[in-house]
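In this text the structure is predicted, and so the values were computed from the model without any measurement. Residues take their numbers from the sequence shown, with the count starting at 1.
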Amino acid sequence: MPTSDGPSHFPVFVAPHHGNHQRSPGYVPGRVAPVRSPPPAKAPPPPPLKPHGPPLERPPTFNLAVEGQRRERAQGLQQRKNTMICKITDALILLIFKANCPDHNPSLSGWNPGHQPDNAVVVKKGHLLRLDSSATFYSLTIQSGGQVVFADNADGSKNITLRTRHILIEDGGALHIGGPKCRYRSFATIALVGRSDDKVPEVPSLGRKFIGVQGGGTLELHGTKRVSWSLLTRSVPATGLASGGHTFQRNFSRGINLRVFDQDTADLLLSERYDTHDSRNESHQLTQLLRSLPAGRIVTLAVGDSAVKSLLDETKKTIEEKLGSSFVYDLKYRQAWALVSVVDGGNTSCSEDIKEHENHDTGGRALARRNFTTVDGVGFSVTAYSEWKNGKPQYHHVGEIIDGVDMRAEVALLSKNILIYGEMEKACYGNNKCQFYNHDTYGGHIKIFSNFSSVHLSYVELRNMGQQGETGRYPLHFHMCGDVDQKGGYWEPTYVDGLSIHHSFSRCLSIHATNGLLVKNTVGYDTLGHCFFLEDGIEQRNTFYHNLGLLTRPGTLLPTDRNDTVCSSIKDKVYKDIRMMTFSTFWIANPNNNLISNAAAGSQDAGIWFVFHSSSTGDSHGLVPETKAELTPLGIFYNNRVHSNFKAGLFIDKGVKTSNASAADPREYLCLDNSARFRPHQNSDPSHPRVAAVIDTLISFKNNDLGAWIRGGDIIIQNSGFADNGVGLSFASDGSYPKDEGSSQEVLQSLFVGESQNRGTNGGQNKYWGPGGSDGKMRTLPRNRTFPIRGFQIYDGPVRLTQSTFRGFLPTPERYTSAVGFNLKNTWQLTPRNNLSQLSFHSTLQTFFGRPGQWFEDNDLDGDKNSIFHDVDGSVTGYKDSYVGRADNRLIQHPGCVNVSQWSGVICSGRYAQVYIQTQGAPSLSLSICRDEYPDAPLVLRGINSQRAQSQQYQPILMMSKSYTLHWSGPAPREVVLSLINFDKDDWVLVGLCYPSETTFQIMADINDRQSNTFDDIIDYGTMSSLAELMKKPMERKYFFDRTVGLLWLYLRARHGRDGHSYCSVKGCERVKIMATTSSKQTCNCAAKAYPKYSKAPSAVIPMPAFNTTPCKDCGAKQVLSHGPSTSRHKSSLSVNEGKMSFSQPGYFLVTVDACSGKVTKKTSFSKMDAKMEQYLKTGIPKRSIVLMATRGQPEGLVNVAPYLISLGLAKAPSLHKKGYLALWGFQGSSSPPVWVSLKVGQGDEFLRVQERYLPLSLEAYGCSPPAAQHRKDLELLKKATRLQ
């Protein structure tokens, strides 16, 4: 990946690679550097040999020089010294055996106990046993210094299976299978047996069917080290076959079912059915179609039901001549017939099969298959069945970077040579939650308790583990172990490395009141409930490095494990607003944990969820001080991927209910609660400075609802990529005034893609399929075909969005799509301090403010009406220092504003702030605000609280230095507090509040310090005799009540400055409090009397700036793109690392790039394929060159180019007949073409648009010099997280 972590060079949309990814140091998106395996990781040191505790005296080092000095000092004790050396040498030999190959320890005795299913075996002090063969026990207990070691041998043939109900390791007992420096080579299996309804006693705290490690126990399992998971290096077609292919496995209707494929690309070109049983006309149509196909096309034919009754002889003859069929003339009623052939390829190209019809219930199954190769060298097969069967959905697996976002699919190796699994029944039974699952959920489990001596697990497979019906029975469970790293006295910190945990019945890995655990290279696949799970909210300093979680399904244990169906079935008296779908692949209950280079995909709810416990819960409750999780700074969050999750990729929000259910609050204990707000401070103390939470390099794509939802402050997202999500990223503030003091949220150096070229596959969790993207082709769609896709969603603020790029946000006739949008049906307040700057837009609608209709409903809630953002530099609108708001909101406008109907918005200049209006004593009030310059266009706000509430709050955004009148939909409130929010010093507005004419007032100003909840500078307001007199003295604390109209006039002016992003001044929140006394119950709307008396001519306080036509050079993310050829009927270009080279003349355009340095070495064009171009293709291209070729117009001699493309890496000469356009990524100089070599062609009205590839540079396979040592930020952060030197 990057050679520098500086902001100007960091690749911002592509996740930096892990150790398992074959990339070189200079890799950046578009300049793909050397694909080269990194040096093997250093093996972890051996596990500790003694129980944890304070380090003992350092053992002898056996340094010969030291020994010599000792001999000089003690020559008289030579004999005793020699005896000591012998003893130490024996100890050293024993240590070496233990550290390297445990089964080689000469102290071990061979053990072949055989099968004793009824015997409870106890291995105790003096029993040092090497298990040499498979065995069966009722149970195995290892204690008091006893030891069991699985035997191994050099050729890996020592396969041993141990079957037992449980294994208990305690009080100095140890179980070893391999070691970290001598990994197990054979196959070791531990089968945990038993049913949940067996009449056998349970072990306290462990239950049944387990491996348990209690105080003083040692568990060391180390399988053969292999790549745990990685990313695809090239795309795999929908069948999932490594070589690609097409297989039709669905019921076809009567007649001949036809498919046509492109022989060069494997694309499906045509899918039709011809009812040749009933229609001679359709048989004739089939004949014409077959005769029109060009030579070389791949064709499959298959009979559905019957096809012969109206099958014409001309059709049979055409199938025989064009496809080489030998059976078509003899085809009979209801015979199964399948054919795969190549047009004009003769009999040798045809594969066909025919089977006799047997009866109405049973028919023969005909199968035809042929293998082919694309021009890119990808093998694929085409298979046709005449007996069509229903098949499971099949998906296209992406293996490339698309539109700048790394969407390569994860591929994991689940099988390991150490396997621990639970033996299962074929179906669910008993109390195993059979009302929700049809399979057995009573698997095995591993549980580790505190004060263990040593636990290290690496490259072990856990299958059918976890017990859904039992709390605390998980595949791997660290139960209240405290500190398990050096802080807890463990010389070798505890780790879990390279595990495969799959088909689990309750979580993957539970970390419960345990700190400092390292979990890396571990795969969790197909599990029920939260997969990687932090339990009680006090777990800290744990590090998750390069782990993969796939396919997380709902469980039953906790309310947060469940979906709506499960939750309502288990608890029928749940609070109606509780959110049920909350389970996630990574459930992080305390922010002080580290997530580096992980991936979470395919969860039926969320990928990664940070949740905040207000106090410790579960077994930890009361054992530790309050956690203050929501005040705790975030650990390291770097290079994590979240995709294909149904609800959200990343979710940072909410807490859990920490009290039991009651009549007053029947919600369950530990259900999701909306009270927590993440606001990190130093030392978790709100009186100390804030600490920014940094989300660095998040890759989020194909999430059905949200790429990321993040609430709190201060939070920074940087170097991240979002694509194909319903909403890419949505921030919600810490709470906005008055709950929040004014935090900040920032997004920088990030890419947002609305609808990418990754169109997805119809099926699975993708419920919606419809047209979209720049090409208008069918694709997966988030939420709904009509859902308004947004890249960045503004909810409240303040947020800063800067140095970022948006592409592919194009509205369609079915849906509104925009780069920047707003939270739908938003009741909450917004701030004008949402600052956007240095943004770049490509094929994108910049923003959209909504319209009444589906999803937006009436689009008339308070937040909808006050939607606004600040275009700081004009990169959104072209007008520097402008504000963009709702087109129908006259409170923010002046005559010079620019209306943009496509946005439903308006661009204005001015200064803007909010007035926070709190009322008491008048329920169900709506507030109507008129600006004196636009009295006929009031803004009506219904308030944030329930309409029946005795208090209400409104927060309109107002243009400064203007006057406004406020009117009520009912009797005036007896108390109104007006707070100045985001007012800078000397900002002011003049407001007139409507009251009955006989009202008397007590008005005072104060400053509220919310930290101490005190009020300072309390000053009473005096009266003035007229508005004109009041306006002469705007700095004084005065008011004027116009009794004839009913308007109470006063100034709201900020007398102190703000600091940073605070809503209020440095002194506190400046307020004006109005207490009104009146007996009137009349509706207080004075607008009819106020205007035209107080009407004013509209004017601009700050004139609109000039429109900027100069392109912004520093806008957008600092990505290093490598656009390949872009070709169409009208324009063509080639781009390399943002350097665009256009050509206007028809013909061929070639650019060569040095594959080692990435520098463009030559640019050449030809008007046609002639001798000059032929010679150039033969000899003019330097070795070690990346070759980019594009065409313009319909170049002459395109067919003649085909043979020369083989030398540029294609596997065969492509068929270019009737093709009009071409785009090539080729390579000159390698006997084995790189996997990225690719050809795209078009014809007729087709055009290729921008085609993009991210190509590797400096590979040794190209003939480049070996790269220098690569910078690995992920490993540096891992070292920092685990404090390893």
Side-chain angles (χ1 to χ4, degrees), residues 1-3 11 14-41 226-227 230-236 242-244 373-379 398-401 406 408-409 411 1120-1122 1124-1125 1136-1137 1150-1162 1177-1189 1204-1212 1223-1239 1251-1272:
M1 287 294 288
T3 56
V14 182
H17 57 293
H18 320 114
N20 292 330
H21 296 172
Q22 296 183 342
R23 293 197 193 152
S24 73
Y27 183 95
V28 290
R31 286 182 49 230
V32 191
V35 175
R36 187 185 154 135
S37 298
R226 301 178 67 181
V227 172
S230 188
L231 301 176
L232 288 179
T233 57
R234 69 187 309 166
S235 295
V236 177
S243 61
T373 304
T374 69
V375 293
D376 299 340
V378 177
V398 172
E400 57 189 301
I401 299 159
D406 189 348
R408 291 177 295 169
V411 56
V1120 185
L1121 292 174
S1122 178
V1136 177
N1137 295 343
L1150 291 93
V1151 172
T1152 58
V1153 180
D1154 183 84
C1156 299
S1157 67
K1159 295 180 179 179
V1160 174
T1161 56
K1162 189 178 291 188
L1177 292 174
K1178 286 181 178 179
T1179 62
I1181 300 175
K1183 297 294 184 182
R1184 299 188 323 190
S1185 289
I1186 296 170
V1187 183
L1188 306 178
M1189 182 191 297
Y1204 297 96
L1205 301 183
I1206 297 176
S1207 64
L1208 299 181
L1210 295 189
K1212 64 179 183 180
L1224 170 75
W1225 296 262
F1227 181 76
Q1228 172 69 272
S1230 174
S1231 57
S1232 177
V1235 297
W1236 48 259
V1237 170
S1238 180
L1239 175 71
Q1251 302 290 318
E1252 211 172 64
R1253 291 291 184 276
Y1254 296 78
L1255 309 182
L1257 297 178
S1258 303
L1259 301 187
E1260 289 187 73
Y1262 300 163
C1264 304
S1265 301
Q1270 55 187 0
H1271 172 75
R1272 290 286 302 276

- Heavy-atom pair of closest approach, residues Ser1258 and Cys1156: OG-O, 2.5 Å
- Residue set satisfying side-chain contact (heavy atoms from CB on, under 4.5 Å) with Ala1211, at least two apart, ordered chain then number -> Thr373
- Looking at Leu1239 and Leu1210, what are the two nearest heavy atoms and their distance? CD2-CD1, 4.0 Å
- Shortest non-hydrogen contact between Gln1228 and Pro1182, atoms and distance: CG-O, 3.5 Å
- Starting at CG of Leu1208, measure out to CD1 of Ile1181 and round the result to the nearest 0.5 Å. 5.0 Å
- Are Val375 and Leu1205 side-chain neighbours, meaning at least one heavy-atom pair lies under 4.5 Å? no
- Note on the structure: Ser1207 meets the side-chain hydrogen bond (donor to acceptor under 3.5 Å, both in side chains) criterion, sequence neighbours left out, with none
- Item | Leu1188 CG to Leu1224 CG distance, which is reported to the nearest 0.5 Å | 8.0 Å
- Which atom names give the shortest non-hydrogen contact between Phe1227 and Ser1185, and what distance separates them? CD1-O, 3.2 Å
- Using a 4.5 Å cut-off on heavy atoms from C-beta on, say whether the side chain of Val398 contacts that of Leu232. no
- Item | Any Trp1225 side-chain heavy atom under 4.5 Å of Val1237 side chain | no
- For Lys1162, what residues pass the side-chain contact (heavy atoms from CB on, under 4.5 Å) criterion, not counting sequence neighbours? Thr1152, Thr1164, Tyr1176
